[in-house]
Amino acid sequence: MKRVAISLIILVVLFSCAVQKKEVVTQPTTTAFQDSLAFELCQIYGSDQTMRTWGIKVSSQIDSLNFVKVIEFIKKYGFPSPKNLGANFKKHECVTAAAIVVMLHKPEEIVNNSENKQLLLNEVEKGNLHIKTFLTFLDKYYVIYNLQHFNRQRFYMGSQFAKPCIEDRAISDSLRKDIGLPPLEDEDFRICNE
């Protein structure tokens, strides 16, 4: 009787270990892949943030390289989101911020490259990229452009930066129409009187 009890206990322990081992083997595949994607994004973010202190020439070159890396990442896996990076997506700033920061540092590569713009618009449609974030990329470009050429700060898209000036309504409507968005409402503008 003692032998039977010991044998049953051993079988239960072995069965329990086998079930736990099976769970360990099947779950990490997705998690390991998602972790590798997160690590890739953290490397890009690290190079972006570290190089900011090295000077404009180095930063511009690094920004260009990082932009290409992020575009390739998006083409393969989609814009970083909980859909492709899982539940751990928001645990580390480097994962959530990498693609956004890189896009904000090279907005001309979005506005002046229709393939990149369309890629990001597709990510908006898939629900991987929030429309306000995409519009912020575009507005960053317009702010830089207007400061360089007209010595004034202008927003056109209705992004997180600021409301467009009512005086720029025709430009805003045209730019939004070009990417398939409706015009902004009256309350989405501000009076600038410039």
Side-chain angles (χ1 to χ4, degrees), residues 17-54 58-144 155-162 175-176 178-182:
C17 289
V19 169
Q20 288 176 354
K21 186 175 182 181
K22 183 178 179 184
E23 290 174 1
V24 170
V25 170
T26 57
Q27 262 184 337
T29 309
T30 301
T31 303
F33 178 69
Q34 290 169 334
D35 287 347
S36 72
L37 295 180
F39 183 72
E40 185 177 336
L41 290 168
C42 286
Q43 286 178 312
I44 293 168
Y45 184 74
S47 95
D48 177 85
Q49 295 301 298
T50 302
M51 296 302 153
R52 301 238 82 61
T53 59
W54 283 33
V58 174
S59 290
S60 179
Q61 292 167 347
I62 296 299
D63 286 347
S64 294
L65 290 171
N66 285 338
F67 186 87
V68 170
K69 288 178 186 177
V70 169
I71 288 295
E72 289 306 312
F73 183 97
I74 295 168
K75 285 178 181 176
K76 287 182 191 174
Y77 312 112
F79 198 89
S81 72
K83 287 182 184 178
N84 54 15
L85 291 165
N88 293 328
F89 173 67
K90 293 190 177 192
K91 282 191 176 179
H92 303 285
E93 178 184 346
C94 61
V95 177
T96 58
I100 293 172
V101 167
V102 169
M103 296 290 121
L104 285 171
H105 290 156
K106 295 299 279 182
E108 67 276 11
E109 295 295 332
I110 300 167
V111 172
N112 298 325
N113 183 312
S114 59
E115 185 180 320
N116 291 339
K117 189 189 299 182
Q118 190 57 54
L119 175 69
L120 294 174
L121 276 170
N122 291 344
E123 292 301 305
V124 168
E125 290 172 14
K126 292 176 189 174
N128 294 333
L129 173 61
H130 195 279
I131 186 66
K132 284 284 191 182
T133 305
F134 175 69
L135 295 177
T136 301
F137 301 156
L138 302 181
D139 260 348
K140 172 81 182 282
Y141 169 80
Y142 297 121
V143 167
I144 293 169
F155 306 95
Y156 299 129
M157 303 308 294
S159 70
Q160 305 173 105
F161 279 134
L175 291 171
R176 289 177 62 88
D178 285 346
I179 59 171
L181 293 178

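Numbering of residues begins at 1 and proceeds along the displayed sequence.
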A.B. asks: Does the pair T31 and D35 meet the rule for a side-chain contact (heavy atoms from CB on, under 4.5 Å), with working shown?
C.D. replies: CA-CA 6 Å; T31 303; D35 287 347; 3.7 Å; yes

A.B. asks: Measuring from atom CG of L121 to atom CG of L181, what distance do you get when rounded to the nearest 0.5 angstrom?
C.D. replies: 7.5 Å

A.B. asks: Please name all residues satisfying ring pair (Phe, Tyr, Trp, His ring centres under 6.0 Å) with F67, sequence neighbours left out, ordered by chain then number.
C.D. replies: none

A.B. asks: Could you tell me which non-hydrogen atom of F155 sits nearest to which non-hydrogen atom of V143, and how far apart they are?
C.D. replies: CE2-CG2, 3.1 Å

A.B. asks: CE/M103 to CG/L138 distance, rounded to the nearest 0.5 angstrom?
C.D. replies: 11.5 Å

A.B. asks: Which pair of heavy atoms, one from H105 and one from Q49, lies closest together, and at what distance?
C.D. replies: CE1-NE2, 4.3 Å

A.B. asks: Identify, with sequence neighbours excluded, every residue that meets side chain to side chain contact (heavy atoms under 4.5 Å, CB included) alongside V124.
C.D. replies: L129, I131, F134

A.B. asks: Walk me through it: do I179 and L135 pass the test side-chain contact (heavy atoms from CB on, under 4.5 Å)?
C.D. replies: CA-CA 10 Å; I179 59 171; L135 295 177; 3.9 Å; yes

A.B. asks: Under 6.0 Å from the CD atom of E93, do we count more than 12 heavy atoms belonging to anything else shown?
C.D. replies: no

A.B. asks: I want to check something: taking the side chain as every heavy atom from C-beta on, are F137 and I100 in contact at a cut-off of under 4.5 Å?
C.D. replies: yes

A.B. asks: Rounded to the nearest 0.5 Å, what separation is found between the CG atom of D63 and the CD atom of E108?
C.D. replies: 8.5 Å

A.B. asks: Would you sort out whether I110 and Y141 count as a side-chain contact (heavy atoms from CB on, under 4.5 Å), showing the intermediate values?
C.D. replies: CA-CA 9 Å; I110 300 167; Y141 169 80; over 6 Å; no

A.B. asks: Apply side chain to side chain contact (heavy atoms under 4.5 Å, CB included) to T96 and list each qualifying residue two or more places apart in sequence or on a separate chain.
C.D. replies: F89, K90

A.B. asks: Compare every heavy atom of N66 with every heavy atom of I44, then report the nearest pair and how far apart it is.
C.D. replies: O-ND2, 3.7 Å

A.B. asks: Which disulfide (SG to SG under 2.5 Å) pairs, counting each pair once, include a residue from residues 77-128, with sequence neighbours left out?
C.D. replies: C42-C94

A.B. asks: Do any N or O atoms from the side chain of K132 and from the backbone of G158 form a donor-acceptor pair under 3.5 angstrom?
C.D. replies: yes

A.B. asks: Please report the interatomic distance CG(D48) to NZ(K106), rounded to the nearest 0.5 Å.
C.D. replies: 11.5 Å

A.B. asks: When rounded to the nearest 0.5 angstrom, what distance separates CD in E123 from CD in Q118?
C.D. replies: 11.0 Å

A.B. asks: Could you give the distance from OG1 (T136) to CE (M157), rounded to the nearest 0.5 Å?
C.D. replies: 10.0 Å

A.B. asks: Name the atoms and distances for all side-chain donor-acceptor pairs under 3.5 Å in residues 74-83, with sequence neighbours left out.
C.D. replies:
unit_1: K75; atom_1: NZ; unit_2: E115; atom_2: OE2; d: 3.3
unit_1: S81; atom_1: OG; unit_2: K83; atom_2: N; d: 3.3
unit_1: S81; atom_1: OG; unit_2: N128; atom_2: OD1; d: 3.4
unit_1: K83; atom_1: NZ; unit_2: K126; atom_2: O; d: 2.5

A.B. asks: Suppose we screen for side chain to side chain contact (heavy atoms under 4.5 Å, CB included). Which residues come up paired with K140, at least two apart in sequence or across chains?
C.D. replies: L104, P107, I144, F161

